[in-house]
Amino acid sequence: EVQPVESGGGLVQAGGSLRLSCSASGFTFEDYAIGWFRQAPGKEREGVSCITTGDGSTYYADSVKGRFTISSNNAKNTVYLQMNSLKPEDTAVYFCTARIFGQGCPLGSSWYLYDYWGQGTQVTVSS
């Protein structure tokens, strides 16, 4: 069974940092697009960042550029999202997702283009 598994969420004060991890069960990340989406209460799920693990290309939403960094360790089959300078508006459930049956790293509201999803991890940023 293909299953991304997230870890690393928690509660942090504004200006702080967290690192999320996404590991794989049932498949290898290499050559696929691995994305992070988030969903706050009452809001649509939105793309935050994505990496194509084959060539290492990275993509970011404008709202997180310069603050978040996505990376992958293919030997460990793990993708990371380093989140710095966190703001209260970053509060959401963060989901790791894999795009197996398509190409590229669509973000925005393109969550439906991704094939497998983790259970999500809560990130709460207090002001």
Side-chain angles (χ1 to χ4, degrees):
E1 180 183 0
V2 178
Q3 179 70 56
V5 179
E6 307 96 339
S7 62
L11 172 64
V12 65
Q13 288 188 332
S17 299
L18 283 173
R19 189 176 80 158
L20 305 183
S21 299
C22 176
S23 60
S25 173
F27 73 109
T28 56
F29 278 161
E30 196 165 4
D31 293 333
Y32 297 130
I34 306 298
W36 288 95
F37 279 67
R38 67 186 181 187
Q39 189 164 18
K43 294 189 176 181
E44 189 178 1
R45 191 170 296 192
E46 63 171 353
V48 174
S49 183
C50 183
I51 185 168
T52 49
T53 55
D55 63 7
S57 296
T58 58
Y59 305 85
Y60 298 94
D62 288 343
S63 58
V64 306
K65 278 181 183 176
R67 300 189 298 122
F68 291 11
T69 302
I70 192 170
S71 61
S72 67
N73 184 329
N74 290 346
K76 293 186 176 182
N77 216 30
T78 301
V79 169
Y80 305 97
L81 185 68
Q82 178 67 42
M83 306 186 295
N84 298 330
S85 302
L86 283 162
K87 304 175 181 180
E89 51 263 45
D90 294 318
T91 295
V93 177
Y94 283 70
F95 298 90
C96 178
T97 182
R99 192 176 192 208
I100 308 296
F101 302 110
Q103 293 184 341
C105 264
L107 294 177
S109 57
S110 299
W111 56 267
Y112 56 92
L113 294 174
Y114 289 77
D115 304 297
Y116 297 99
W117 291 83
Q119 295 296 314
T121 185
Q122 177 70 46
V123 171
T124 303
V125 184
S126 63
S127 58

If I compare all heavy atoms of P106 with all of S110, which pair ends up nearest, and what's the gap? CB-CB, 3.8 Å
Nearest 0.5 Å, what's the OG-CZ distance between S85 and F68? 9.0 Å
For residues S127 and A14, report the shortest heavy-atom separation together with the two atoms involved. CA-CB, 4.4 Å
Strictly by modelled atom types, are N84 and S17 linked by a side-chain donor-acceptor pair under 3.5 Å? yes
Are V5 and F27 joined in one hydrophobic group, where the rule is that I, L, V, M, F, W and Y side chains link up if heavy atoms are under 4.5 Å apart? no
Please check this pair: side chain of T53 against backbone of F29, looking for a donor-acceptor N/O pair closer than 3.5 Å. yes
V123 versus L18, closest heavy-atom pair with distance: CG1-CD1, 3.9 Å
Roughly how far, to the nearest 0.5 Å, is the OG atom of S63 from the CG atom of D90? 7.0 Å
Measuring only between side-chain heavy atoms, which start at C-beta, is Y60 closer than 4.5 Å to D62? no
Is the backbone of N77 close enough, under 3.5 Å, to the side chain of N74 for a donor and an acceptor to pair up by distance? no
Could you report the tightest heavy-atom contact between S109 and E44, atom names first, then the distance? CB-OE2, 3.4 Å
Could R45 and F95 be counted as a cation-pi pair, given that NZ or CZ must be under 6.0 Å from the ring centre and within 45° of the axis? yes
C50 vs L107, side-chain contact (heavy atoms from CB on, under 4.5 Å): CA-CA, chis, key distance, verdict: CA-CA 8 Å; C50 183; L107 294 177; 3.9 Å; yes
Could you state the interatomic distance from CG (L11) to OG (S126), rounded to the nearest 0.5 Å? 5.0 Å
Rounded to the nearest 0.5 Å, how far does CD of E46 lie from CZ of F37? 9.0 Å
If you look only at pairs with a residue in residues 112-125, which of them pass as a side-chain hydrogen bond (donor to acceptor under 3.5 Å, both in side chains), with sequence neighbours excluded? Q122-T124
Answer yes or no: is there a donor N or O on one side and an acceptor on the other, between the side chain of T78 and the main chain of K76, under 3.5 Å? yes
Short side-chain to backbone donor-acceptor contact, R38 and V48, under 3.5 Å: no
Do S49 side-chain atoms and Y59 backbone N/O form a donor-acceptor pair below 3.5 Å? yes
Nearest 0.5 angstrom please: W36 CH2 to M83 CE, how far? 8.0 Å
Taking all atoms of both residues into account, what is the closest heavy-atom pair of L20 and G9, and its distance? CD2-N, 3.6 Å
Output yes when a side-chain donor or acceptor of T58 lies under 3.5 Å from a complementary backbone atom of I70, and no otherwise. no
Any donor-acceptor pair under 3.5 Å linking the side-chain atoms of R19 with those of Y80? no
Under 3.5 Å: donor-acceptor pair, side chain of Q39, backbone of V93: no
Of the non-hydrogen atoms in I34 and C96, which two are nearest, and what is the gap between them? CG2-SG, 3.8 Å
Please check if F101 and L113 belong to a single hydrophobic cluster, counting links between Ile, Leu, Val, Met, Phe, Trp and Tyr side chain heavy atoms closer than 4.5 Å. no
